[in-house]
Amino acid sequence: MARIDLRGDALPEGSALRDLLPRADFDVQAALEKVRPICEAVHHRGDAALIDYAEKFDGVRLESVRVPARALAEALEQLDPAVRAALEESIRRARLVHREQRRAAHTTQVAPGGSVTEKWVPVERVGLYAPGGRSVYPSSVIMNVVPAQEAGVGSIALASPAQADFGGLPHPTILAACALLGVDEVYAAGGATAVAMFAHGTESCPPANMVTGPGNIWVAAAKRYFTGKIGIDTEAGPTEIAILADETADPVHVASDLISQAEHDPLAAAVLVTDSVELAEAVEKELEPQVAATKHIEDRIVPALSGRQSAIVLVDGVDEGLRVVDAYGAEHLEIQTADAAAVADRVKNAGAIFVGAWAPVSLGDYCAGSNHVLPTGGCACHSSGLSVQSFLRGIHIVDYTRDALAEVAHHVVTLAEAEDLPAHGAAIKARFGWKVPESK
C-alpha cells in the first residue's frame, strides 16, 4: 500500500485536505453517455430490449424477464440450511433496527386554531437492485427489502442480473432471500437495464416511484440519468473502508479488515489513518501472509490495495486523524483507538461507524442490524445510508380556522407585496371582504 505522510505541517482545510487523500477514479458522467441508448431502448422496446441486453451482457437468451414463482420456491427449498439460518438471523436483526426508525405523525399548534401536521407516507412502489457480478449479494436483498417493508411500501419489486449458469435466472441465493422476505416480484435484469425497467416500466414490470440498491458504475450512471423522473437512494461508487487507529490497535485485525473490503472489487478503497508508524509497519507486514492465504488475490485484492484509492495515511495524532477521516467521509469507518467510543462520537462524516476491535465492517455487512447500503465517494458529508426514512415522504397538513388566519393575514399580505406577488395577498383579502383584518 502507498503511504501519505501528513505529519509535521498543519493540515490544510476543506477541499485542499480532501485533494491529498486517495480516491478511486469513478467517472459517472462519462458512463452516462454509454447508458443513455440502453435506457432509451428499454423505454421504446420494453421487454424485448431487456431480453436482448441480457443476451449481450449476461450471455443468456431469456424466455421471460420475470422470475416464475416456482423458481423462488425451489431456490428456498434447496438453500443450504446453514445459509438459511444466517439469512433469517440477518433479517431478524435488520427488522429490529429498522422498525425503530419509523416516524410518527406530529402536530404543532402554531396559534389558537392554527396547526401544521407532518405525516409520513411511504412511496407506493419501489424497484430494488441486488448486484450479481463478481459476487452474489443476498445480504443486499435484505438491506433493501427490510427498510422498504418496515416503511410500509405496498409494492416491492427486485431485479438482479440473469446468470447463464442458472438458466437465465438470478443467482438462487438471491431468489431464496427474496422468498424468505416474501418478495415474489423478481426480475432477471442487471445494471442500467434494471434501472431503466423500473423507471419506464415494461410489459412485464410496472414503473416504480423509486429505485434503490448498490451496483457498478453503469447502475450509478442510470440512476443519474433518471434523477428527476424517479427517486434514487444514491449514486453508489466502489466500496471503501477507512480505519482510524492508534498504537493500541491489533495489526492482525486492521490488516484483515482492509483485505475484507479489498476483496469486493479492484476499485475498492482501503485506507488506514494512524499516528503510529509502528502500527503502519506491522500492518504492512501482516498484509502479505493474509493476502496470500485468501481468495480473489490477483483480480481484486492486490489491485485494490495497490491502487491509487488505497493508502496508509500518517498523522500527528488522533485529533488530526479525525480531521482526515472527516475530510474523507468514508462509507465504512472503523475506530480502533484507545477510548474508541469517545473518538467515534466526535466523527462528523461517515456512512457507518464501527467502534472498537469487536465491531468489524463484516459484521455490518451481514448481521449487525445496521444497513450496509451507504454513501460512497465522500458523499457521507451530505447523505445518509438507506433506512426506513428513505422510503417515506413527509407531507405537511395545514389546518387554520378563520380566526387563526385573521390573526396573521396582515403579515401574509405584507410579505406578498414585498415579493411583488399581489395575487398572493389578494387570496387572503378575498376571504375577508377584501379588507385585511387588523392584528390583535
Side-chain angles (χ1 to χ4, degrees), residues 26 28 87 90-91 93-102 122-123 126-151 153 156-161 174 177-178 181 183 190-191 194-195 198 208-224 227 230-241 260-261 264-265 267-269 329-333 349-354 361-392:
F26 194 73
V28 176
L87 289 174
S90 178
I91 292 168
R93 293 182 178 220
R95 287 208 189 281
L96 286 174
V97 172
H98 289 82
R99 191 162 291 158
E100 296 294 321
Q101 296 173 353
R102 181 68 189 261
V123 295
V126 298
L128 311 178
Y129 186 69
R134 289 183 173 86
S135 298
V136 55
Y137 293 103
S139 58
S140 288
V141 177
I142 295 169
M143 299 297 169
N144 280 271
V145 171
V146 168
Q149 289 179 333
E150 295 301 323
V153 176
I156 297 175
L158 186 136
S160 192
I174 295 287
C178 290
L181 289 157
V183 174
V195 180
F198 287 136
N209 305 111
M210 184 177 187
V211 173
T212 73
N216 59 20
I217 193 168
W218 312 116
V219 173
K223 285 181 177 180
R224 181 174 294 186
T227 298
I230 56 172
I232 65 167
D233 51 348
T234 184
E235 294 178 9
T239 191
E240 57 201 23
I241 183 175
S260 73
Q261 289 304 112
H264 276 288
D265 189 280
L267 290 178
E331 177 189 19
H332 309 94
L333 173 63
N349 299 328
I353 304 171
F354 300 81
V361 168
S362 298
L363 175 66
D365 283 341
Y366 300 114
C367 288
S370 58
N371 203 292
H372 78 201
V373 182
L374 301 167
T376 61
C379 292
C381 68
H382 57 71
S383 297
S384 304
L386 201 66
S387 72
V388 167
Q389 303 310 319
S390 305
F391 299 98
L392 296 174

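Heavy-atom basis, side chains included; hydrogens, waters and symmetry copies ignored. All residue numbers in this chain count up from 1 along the given sequence.
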Quiz item: Can you name the side chain to side chain contact (heavy atoms under 4.5 Å, CB included) partners of Leu386, sequence neighbours left out?
Solution: Asn144, Pro147, Thr212, Asp233, Asn371, Val373, Ser390, Phe391
Exercise. Nearest 0.5 Å please: distance from the CG atom of Leu392 over to the OG atom of Ser387.
Key: 8.0 Å
Practice problem: Give, for atom CE of Met143 and atom OG of Ser370, the distance between the pair rounded to the nearest 0.5 Å. | Solution: 6.0 Å
Quiz item: Rounded to the nearest 0.5 Å, how far does CG of Asp265 lie from CD of Glu240?
Solution: 12.0 Å
Quiz item: Which atoms form the tightest heavy-atom contact between Ala380 and Ala330, and what is the distance?
Solution: CB-O, 4.1 Å
Quiz item: Any side-chain heavy atom of Ser139 sitting closer than 4.5 Å to one from Ser90?
Solution: no
Practice problem: Would you check if Pro122 and Arg102 make a side-chain contact, meaning some heavy-atom pair closer than 4.5 Å? | Solution: yes
Quiz item: Between Leu158 and Ile174, is any pair of side-chain heavy atoms under 4.5 Å apart?
Solution: yes
Quiz item: Yes or no on side chain to side chain contact (heavy atoms under 4.5 Å, CB included) for Val97 and Val146, after CA distance, side-chain angles and deciding distance?
Solution: CA-CA 10 Å; Val97 172; Val146 168; over 6 Å; no
Quiz item: Can you tell me how far OG1 of Thr234 sits from NE2 of His382, rounded to the nearest 0.5 angstrom?
Solution: 7.5 Å
Self-check item: Which residues share a salt bridge (charged side-chain N to carboxylate O under 4.0 Å, His left out) with Glu150, sequence neighbours left out
Solution: Arg95, Arg99
Quiz item: Does a donor on one side chain sit under 3.5 Å from an acceptor on the other, for Gln261 and Thr239?
Solution: yes
Self-check item: Heavy-atom closest contact (Ala130 atom, Ser160 atom, distance)
Solution: O-OG, 2.8 Å
Practice problem: Anything under 30° is parallel, anything over 60° is perpendicular, the rest tilted; go ahead and classify His264 against Tyr137. | Solution: parallel
Quiz prompt | Considering all heavy atoms, the nearest Asn349-Cys381 contact | solution = OD1-CA, 3.6 Å
Self-check item: Over all atoms of both residues, closest heavy-atom pair of Val141 and Cys178
Solution: CG1-SG, 4.0 Å
Exercise. Could you check Val219 against Tyr129 for side chain to side chain contact (heavy atoms under 4.5 Å, CB included), going step by step and ending with a plain yes or no?
Key: CA-CA 9 Å; Val219 173; Tyr129 186 69; 3.7 Å; yes
Practice problem: Search all heavy atoms of Gly127 against all heavy atoms of Ala208 and return the closest pair with its distance. | Solution: N-CB, 3.6 Å
Exercise. Give, for atom OG of Ser362 and atom CD1 of Ile241, the distance between the pair rounded to the nearest 0.5 Å.
Key: 8.0 Å
Quiz item: How many angstroms lie between atom CG of Leu267 and atom CG of Asn216, to the nearest 0.5 angstrom?
Solution: 10.5 Å
Quiz item: Out of Asp365, Ile353, Thr376, which residue meets the side chain to side chain contact (heavy atoms under 4.5 Å, CB included) rule with His332?
Solution: Asp365
Exercise. With side chain to side chain contact (heavy atoms under 4.5 Å, CB included) as the test, would you mind laying out the steps for Lys223 and Val28 before giving the verdict?
Key: CA-CA 10 Å; Lys223 285 181 177 180; Val28 176; over 6 Å; no
Quiz item: What closest approach, in Å, do Ala220 and Ala236 show between heavy atoms, and which atom pair accounts for it?
Solution: CB-O, 3.8 Å
